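Every number for a ligand or one of its atoms is a count from 1 in the order of the listing. Remember, predicted model here, so these are calculated numbers, not experimental data.
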Amino acid sequence: MNELKGKYAVITGAAGGIGAATAETFAREGAAGIVMADMDGGRAREAGKRIESGWDCKCMAVKTDISSASAIKNLFFESVKQFGTVDILVNCAGICPVGSIEEIGEAEWDRVMDINLRGTYLCSREALAIMKEKLSGKIVNLSSISGRIGGIATGINYATSKGGILTLTMSLAKAAGPYNINVNGVAPGFIDTEMTKNFTHFKVETVPLGRIGKPDDVADVILFLSSDRSRYVTGVTIDVNGGVFMA
Ligand SMILES: NC(=O)c1ccc[n+]([C@@H]2O[C@H](COP(=O)([O-])OP(=O)(O)OC[C@H]3O[C@@H](n4cnc5c(N)ncnc54)[C@H](O)[C@@H]3O)[C@@H](O)[C@H]2O)c1
């Protein structure tokens with residue numbers, strides 16, 4: 001119950017299904033403070049209040065658009081001002097629009113890349129500057145099964161951004177390793193959240209474990225990668241998909 005005792009985390013996309021479940025899991029495991037960063041500041045605040053009412057963990061919501069470099073700078077400035085440091089960053093914010101190659105167009109391609117891939121890079125860059133100073137830290141990135149095997153119902157821009165996150169995770173891990181900072185990822189399969197509520201193509205019969213994933217299934221793996229238990233693991237992306245894809 002004390003895997004993250006006294007730790008301070010920044011979670012992007014903290015108002016969403018997996019982000020909020022991760023924040024709750026961190027609070028349950030003794031985190032001292034969580035910065036709930038999300039484009040939807042109101043829902044991030046509500047999620048933070050729910051957590052504060054259940055656990056001894058301070059939550060601060062910061063409305064942040066992770067496609068904006070200046071908004072991200074502000075996020076980390078506010079985080080350090082409030083909690084003094086950042087021990088853990090979870091890059092969970094993301095969008096998953098669907099559409100064929102013809103429908104996507106250049107602007108939509110760029111929008112998905114800017115949020116999913118560039119946002120993950122920019123947040124990691126800011127967190128690394130803080131973590132390098134104290135020679136410790138954990139970064140966990142959200143990839144996807146579509147980054148492994150290509151998009152199924154998801155757009156090619158989404159799948160490509162998530163494939164980029166696999167490579168970004170390995171590259172950041174190599175750069176951050178000498179500073180005792182672990183950078184890892186998770187690649188969820190189909191998880192029941194707002195993001196997937198209109199996905200009708202998915203067949204539960206294709207899942208060896210026989211059910212659709214829940215946000216907690218992913219949050220528990222993020223917890224492992226954020227805790228000391230994964231101290232000798234870096235550059236790895238763990239599949240959390242019920243067995244749909246096995247590396
Ligand atoms: N649900 C799944 O099946 C699944 C599968 C694979 C990967 N993922 C990944 O997991 C992560 C979380 O997804 P989820 O299922 O919880 O979805 P979700 O839609 O419930 O949550 C995503 C959150 O990101 C926030 N967000 C979107 N754009 C943003 C921006 N520009 N700046 C800041 N915040 C922004 C949204 O407001 C939302 O709260 C995403 O990166 C997603 O790609 C999800």
Between N182 (side chain) and T234 (backbone), is there a donor-acceptor pair under 3.5 Å? no
Check: residues 5-28 side-chain donor-acceptor pairs under 3.5 Å, at least two apart:
{"from": "T12", "atom 1": "OG1", "to": "C92", "atom 2": "N", "distance (Å)": "2.9"}
{"from": "T12", "atom 1": "OG1", "to": "A93", "atom 2": "N", "distance (Å)": "3.0"}
{"from": "T22", "atom 1": "OG1", "to": "I18", "atom 2": "O", "distance (Å)": "2.7"}
{"from": "T25", "atom 1": "OG1", "to": "A21", "atom 2": "O", "distance (Å)": "2.8"}

Per-ligand residue contacts, ligand 1, heavy-atom threshold under 4.0 Å: G13, A15, G16, G17, I18, D38, M39, T64, D65, I66, C92, A93, G94, I95, I115, L142, S143, S144, Y158, K162, P188, G189, F190, I191, T193, E194, M195, T196
Do other residues, nucleotides or ligands put more than 12 heavy atoms under 6.0 Å from E133 CD? no
Do the side chains of N91 and L142 get nearer than 4.5 Å, heavy atoms only? no
Going by atom types alone, do D114 and S67 pair a side-chain donor with an acceptor below 3.5 Å? no
Quick check: is V240 connected to Y158 through a chain of hydrophobic side chains (ILVMFWY, heavy atoms under 4.5 Å apart)? no
